[in-house]
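Chain A is the first sequence line, chain B the second, and so forth, proteins listed ahead of strands; every chain is numbered from 1.
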Amino acid sequence: MSQEAQDGYVPSSVEEKWQRLWEERGTNAFTREELERAEDPYYNLMMFPYPSAEGLHVGNIYAFTGADVHGRYQRLRGRTVFEPIGFDAFGIHSENFALKVGTHPMDLIPSNVENFTRQLRRIGGMFDWSHVVDTTDPAYYRWTQWLFLKLFDAGLAERKEAPVNWCPSCMTVLANEQVIGGECERCGTAVEQRRIAQWFFRITEYAQRLLDNIESLDWSDTTKKAQANWIGRSTGAQLHFPVVDADGEETGTTIEVYTTRPDTVFGATYMVLSPEHPLVEEVTDHGLRIPVYAYVDKAAKKDLVARQKADRTKTGVPTGGFCRNPATGERIPIWIADYVLMEYGTGAIMAVPGHDTRDFEFAKAFDLPVVRVVAGPDEDADTPLDEAYVGPGRLVNSGPFDGTDVSESVEKVTAWTAEQGWGEAKVNFRLHDWCISRQRYWGPPIPVVHCETCGSVGVPEDQLPVVLPRVEDFRPDDSGVSPLARVEEWYRTECPTCGAEARRETDVSDTFLDSGWYFIRYPSADFDDRPFDEAITRKWLPVDTYIGGNEHAVLHLLYSRFLTMVLKDLGHLDFEEPYDTFRAHGLIIADGAKMSKSKGNVIVPDPIIEEFGADTFRTYLMFLGPFEEGGDYRPQGIQGPFGFLHRLWDTVERAGDGVPDPDVERKVHQTIRQVTDQIPALGYNTSIAAMMECLNVVRAGGRDAVRAEVEPLVVMVAPFAPHLAEELWERLGREGSIFDGANWPDFDPQKAVDDTVEIAIQVNGKLRATVTTSKDASEADVLSAARAEENVARHLQGLEERRVIHVPGRLVNFVVGA
RNA sequence: GGGGAAUUGGCGGAACUGGUAGACGCAUCGGACUUAAAAUCCGAAGCCCCUCGCGGGCGUCCGGGUUCGACUCCCGGAUUCCCCACCA
């Protein structure tokens, strides 16, 4: 028999055939009516890609395959699975790349999308190509603009001048969230600060709700924690420190501080203002304090990296002004230092050098007094401080609160400050309002018109979309305004309210706004008269399972949660959390390091798919490690799944009619149980291992299988190798797509039971033998069989049996001694 | 500085609720088939020792502990990775 006849599996032709048939038959696509009527709908979502010029990389394929396996599994179980895909094509990524290669993004993006589409089809994802979303399509961003207007009308979008992060390289403002350790998230350039009028979404109003809901989500704990930490709720107090003049008289000005340790207020020996604090301007404006001005000016110029690293050496200047510490009545100096951040709290702190590490360093550097107000267990009020003490203990040098334990002191002192009228309990969040303005070109124009008399007016809905004009020179410059501000014929317009000459907003919106609601659009993607259809949305949302990368576990998820809540509050949705279940996949690395061009370890997927086929590639990616942890890509490793799929093909092709062998049938049912348990838990690597093991049993000794033995395996492998499974299903004589109809094999516990068990025999916890007994052998039988083992008997010889542990079906442990 | 995750053969990784550590696969070695090679199939294999046995010892980052029994639980430590970071 020739090799050809033995093994007719030619992945490329099988895959081509089924991709064509899926397309022709509309296997994965839904009509509007089908979406409306779907029974048991299951919305399987994955994070849509940014269509880069390089094409899909292994990381994309890994993520999509893992999500696709999940979707295909649900479908095999009988769910109606909607699995859409789209393109997140606006944003700085695309714009920068377009600038680099000198092609207009409007020309570049369509060809990238086309290339991605080809690759996505090639890997055999179960995508509904009739519901694709492209964020750069006016038919989509029209509704992104609509969403902006909804927030604008609800008072949740506001324009305010604010210190913002400015990337001198990208020449744009960045959200706080896009500043990573003081550097631009995209290009790594040190970020500077500027003050510009910006559009903000008031996400902070939702901070508490965003935090409270986390508990009810079926998300991994790490993602939940990341969200909670980002929101960063802290409880403490806001205290009011009166400013006093040289004679100690109050000037009428107070400095507000936020602290999580109001109980240490007796130890506040000086105040610190952030260089950006409004009061600082007053100080400098009066021209009285030249060193102050110089310091503030320097701080403003200093980029955040230098400001934050600076090997933690504190810098600052005294303002020459004073406050009164309302707890002690003492006059304390006011300083300016850049270790205090304007973005957090009130931009001013009471410095308690005795019990705050940063304040301690500062006090040491500038020779400011340090007072102990907390004493640890072995300390008293006079124990000197070599460093800030932040541990447990009791208050000292704190007037009426001496002796109060720190476990209750925050609450007590806060109550007291409130009674005295100079403080109140205060909850503070780290979360900031979401700055959505971008002084760039490649994004949806913010749909606002500025009118001299009417102010900022939203563009009427019937005038949407505000189309992004084609501008050949779309380079940003350091003017701090969008390139659109150079296109007079575009920005000149009429005020929608009064009809006077007016000017369009020339900023475009953040990409996170595009991606903040795309999942709502998908099922309604074919409606052009509404952002989303009410009935279809009620049927399909919220998303059942969302799978994506950890890099979006904070921002994207938080923003889309926020937008969903807002839409619910405005009556457009009847749910407020967008994703029931979210799982983050791991990272594929190569040679022990993250793939990157600079390391030269990037795996290009196309040639691998060419050589082995999409099914093998998919199966290998899912096999190389736990999906949620990722794994190391080793080119040789693909041989395992490659051989497995070929052997499966071969076995099915040879399988005849007949009755299953009981031993084989048992293994098959044990495998069904295992795989059915593990796929929903994303245990893909172990599922594949179980199927390999099963196939090894089916083929043991070179026997030919019968169809009933292999058919369940064909179905179970289908999520991983969908083309192969379709083909084998057909060759087994079944009609239609394997994915239509609930074809997942039923697990029969009866058939999975072993009638014999192998029991480990230990003596003093060490394995000495194993015995095989019937599964319901009595304890006495098991023990006598155990004692009969020569090696066991030898170790029991001459020793007293103190105890015998018998775990039925597992082991026997003889505990012996002299 | 804070938070999170991890550490198991040559390698990727398995191991239910505390119950035979190393499943499955890669690479390796041996055998079959072949004129030969590839492919395929069958088999071996954690490390060490030995009287070579159905033998013994050691072994899941390190040091302690709990337990009849610990990769798994507790205490202490080391290393690596990720995220955040002067958040008052």
Quick one: do A/D650 and A/R699 make a salt bridge, cutoff under 4.0 Å?
-> yes
With sugar-phosphate meaning primed atoms plus P, OP1 and OP2, does A/T770 contact a base, only sugar-phosphate, or nothing at under 4.0 Å between heavy atoms?
-> base
Give a yes/no answer on whether the side chain of A/K766 brings an N or O atom under 4.0 Å of OP1 or OP2 in B/C58.
-> yes
Measure distances between side-chain N and O atoms of A/Q762 and base N and O atoms of B/U20, and say whether any donor-acceptor pair falls under 3.5 Å.
-> no
Is it the case that A/Q208 and A/R233 place a side-chain donor and acceptor less than 3.5 Å from each other?
-> yes
Assign A/R768 to base, sugar-phosphate, or nothing according to its heavy-atom contacts below 4.0 angstrom with the strands shown.
-> sugar-phosphate
Would you tabulate the nitrogen or oxygen pairs shorter than 3.5 Å linking the protein to nucleotides 26-28 of chain B?
{"residue": "B/A27", "atom": "OP1", "partner": "A/Q636", "partner atom": "OE1", "Å": "2.9"}

What's the CD-C1' distance between A/Q678 and B/C24, to the nearest Å?
-> 12 Å
Under 4.0 angstrom between A/Y258 side-chain N/O and B/A88 OP1 or OP2 | no
Interatomic distance where NE2 belongs to A/H552 and P belongs to B/C82 [whole Å] | 18 Å
Starting at OH of A/Y9 and ending at C1' of B/A39, how long is that distance when rounded to a whole Å?
-> 16 Å
Report which part of the nucleic acid A/R699 touches: base, sugar-phosphate, or nothing (heavy-atom distance under 4.0 Å, all strands).
-> sugar-phosphate
A/N229 atom CG is separated from B/G3 atom C1', nearest whole Å, by 6 Å
Nearest-Å distance, CD1 (A/I589) to C1' (B/A6)?
-> 12 Å
Between the base of B/C84 and the side chain of A/R430, is there any donor-acceptor pair under 3.5 Å?
-> no
Just call it for A/I349: base, sugar-phosphate, or nothing, with non-hydrogen atoms closer than 4.0 Å on any strand.
-> base
Pick base, sugar-phosphate or nothing for A/N696, based on heavy-atom distances below 4.0 Å to the nucleic acid.
-> sugar-phosphate
Hey, does A/H795 reach any base, or is it just sugar-phosphate, or nothing, if we go heavy atoms under 4.0 Å?
-> sugar-phosphate
What is the distance from CD1 of A/I214 to P of B/G3, rounded to the nearest Å?
-> 18 Å
Toward the 5' end of RNA chain B, which comes first, A/N764 or A/N685, by nearest nucleotide?
-> A/N685
Heavy atoms under 4.0 Å, any strand shown: does A/N813 hit a base, just sugar-phosphate, or nothing?
-> base
Using a 4.0 Å heavy-atom cut-off across all strands, classify A/F623 as base, sugar-phosphate, or nothing.
-> base
